[in-house]
Amino acid sequence: MGRRFRCVADLALESRLLSVYLGTLFGRRDLEYGTSADISSGEEALDVPIRESDSASRGFYGRRLGQHLGMDGDCLLQIEREQQLILAVTRLTCSQFLPERTAAIPSEPAFSIVHQLGDFDKHSCWLAGRPRYSEAFGAGAVSVTDLRDNPQCQFKGPFDALQYYVPGKALDDFAREHGARPISTLKWSRDQRDPFLSTLSSVLLSAVEQGPPTNQLFIDQIGLSLLAHFAQAYGGMRPGDEVMGGGLAPWQERRAKEIMRTRLASSLTIADVAAECKLTPSHFARSFRRSTGVAPHEFLSQLRIEEAKRLMLSTKLPLADIALICGFGDQSYFTRVFSRCVGASPGAWRRARSEG
């Protein structure tokens, strides 16, 4: 029972909490759950680690997808678990008219979820050689394609969208961990908006502008939230025993906090900490929040900031060195996170206390 997935209401609550937290980091109310975010805003962006290289793509996403469609295809994010891809996000853009129908996409056991960022004149789709739909798409529209059906596409007008690539195995593993049946397909009505996906799309786009900082626990949490959302909202996943679940056992909470304290400077993942607690990553992330009141990545950020404060007060180390020691990756990322959480830059905070 302890490893079973949370109920639908619990997922909705966590989705709202994640969205509110993201909005707090941005200082933007338009990122609250259920609202439409302005993806072109120039306001301060969230610090999310981005993996941009996928030259040896293992699925139909990134450059491979872009080349097949005749578009620019940049892989913004790849999320892995135990060296297996569970989610990839690609930005697809094209400003020219593409009159020809594309060749059939080679069949593979995965799903392509496309979230339109702007209005699109016409998108025609064929599955296994048969017409599926041909219509205009407004900004925010979502289309889901089963890549086992050898899809073909034809586009009219400028195209700007995010593709979420989800391997079927990732969905099945997720369902099996939580006592649910395998997910046979994903479905979503093309005329229905998805506010949760809109929020995450805005966050990821804004993050790209900031470069690749290091907060792997946070990116893991986004990946698990998206996978859970797709499994339930798109795949109709219903766990065998829906339970609200509790927090961590005392020994698990101690162990999780110990690992985070001793590995501040390392690239720590939710899977790493969950394994030490004998839990699945999704169950650990949920239980940790219930025990501590914060998500794992938030707790780790707090630890890093407190250690940075200690080093600034007790040593004369340069801020760049303190940033590396505390796991911030570089001084620029350290300054952004510290200023956001403390209300002053590291240098100003240090000077104020040394002068006092």
Side-chain angles (χ1 to χ4, degrees), residues 1-19 33 59 61 78-89 107-113 115 142-149 164-189 192 194-197 199-200 217 219-249 252 269-275 277-291 295-296:
M1 295 288 289
R3 287 175 174 261
R4 296 299 170 89
F5 187 54
R6 58 191 175 278
C7 66
V8 178
D10 198 21
L11 173 61
L13 174 61
E14 182 165 318
S15 298
R16 287 177 172 83
L17 289 171
L18 178 61
S19 298
Y33 186 84
Y61 62 91
Q78 297 177 71
I79 301 175
E80 296 183 351
R81 177 179 170 189
E82 297 177 354
Q83 298 183 332
Q84 295 292 320
L85 182 74
I86 66 170
L87 182 73
V89 185
S107 177
E108 62 179 273
F111 296 92
S112 174
I113 301 170
H115 177 223
V142 178
S143 60
V144 180
T145 303
D146 189 333
L147 294 179
R148 293 172 294 187
D149 292 334
Y164 292 85
Y165 174 90
V166 187
K169 184 178 185 302
L171 290 167
D172 288 342
D173 289 346
F174 191 82
R176 183 173 58 252
E177 286 176 1
H178 301 103
R181 296 178 180 178
I183 297 172
S184 59
T185 190
L186 298 182
K187 297 179 180 179
W188 188 265
S189 176
Q192 180 181 355
D194 184 346
F196 182 63
L197 189 61
T199 297
L200 267 295
L217 287 180
I219 206 65
D220 287 349
Q221 184 67 57
I222 290 180
L224 289 172
S225 296
L226 278 167
L227 194 62
H229 179 64
F230 291 144
Q232 286 198 308
Y234 290 53
M237 189 185 94
R238 296 295 179 267
D241 294 300
E242 288 191 340
V243 294
M244 290 299 291
L248 298 172
Q252 291 172 321
T269 68
I270 283 182
D272 293 335
V273 186
C277 296
K278 312 300 182 186
L279 296 172
T280 63
S282 57
H283 185 76
F284 166 76
R286 180 178 71 255
S287 298
F288 188 91
R289 180 189 288 276
R290 294 191 175 182
S291 292

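Under the 4.5 Å side-chain criterion, counting only non-hydrogen atoms from C-beta, Leu226 is not in contact with Ile79. Side-chain contact between Tyr61 and Leu85 is present, with at least one heavy-atom pair separated by less than 4.5 Å. Between Leu147 and Tyr165 the shortest side-chain heavy-atom distance falls below 4.5 Å. Side-chain atoms of Val273 and Pro296, non-hydrogen and from C-beta on, never get closer than 4.5 Å to each other.
By the side chain to side chain donor-acceptor pair (under 3.5 Å) test, Ser107 pairs with no residue at all, sequence neighbours left out. Legend: residues meeting salt bridge (Lys or Arg N to Asp or Glu O under 4.0 Å) with Asp146, ordered by chain and number and at least two apart, are Arg148. Among residues two or more places apart in sequence or in another chain, the salt bridge (Lys or Arg N to Asp or Glu O under 4.0 Å) test is passed with Lys187 by none.
Note that the CG atom of Leu227 and the CD atom of Gln232 stand 10.5 Å from one another [nearest 0.5 Å]. Taken to the nearest 0.5 Å, the OH atom of Tyr164 stands 9.0 Å off from the OH atom of Tyr234. For the atom pair CZ of Phe111 and OG1 of Thr185, the computed distance is 4.5 Å after rounding to the nearest 0.5 Å. To the nearest 0.5 Å, atoms NE2 (His229) and CG (Leu200) are separated by 8.5 Å. The CG atom of Leu87 sits 11.0 Å away from the CD atom of Glu80 when rounded to the nearest 0.5 Å.
Ile86 and Pro167 make their closest contact through O-CD, 3.5 Å (heavy atoms, listed as atom of the first residue, atom of the second, distance). Of all heavy-atom pairs spanning Leu248 and Ser291, the tightest one is N-OG, 2.6 Å. Smallest separation of non-hydrogen atoms from Cys277 and Gln252: O-NE2, 2.8 Å.
A tilted orientation is assigned to the rings of Phe288 and Phe284, their planes being inclined by 30° to 60°.
Tested against His115 for a side-chain contact (heavy atoms from CB on, under 4.5 Å), the candidates Asp194, Leu197, Val89 yield a single pass: Leu197.
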**Step-by-step side chain to side chain contact (heavy atoms under 4.5 Å, CB included) determination, Ile113 to Trp188** = CA-CA 9 Å; Ile113 301 170; Trp188 188 265; over 6 Å; no

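For Lys169 and Asp172, the salt-bridge test fails: no basic side-chain N is under 4.0 Å from an acidic carboxylate O.
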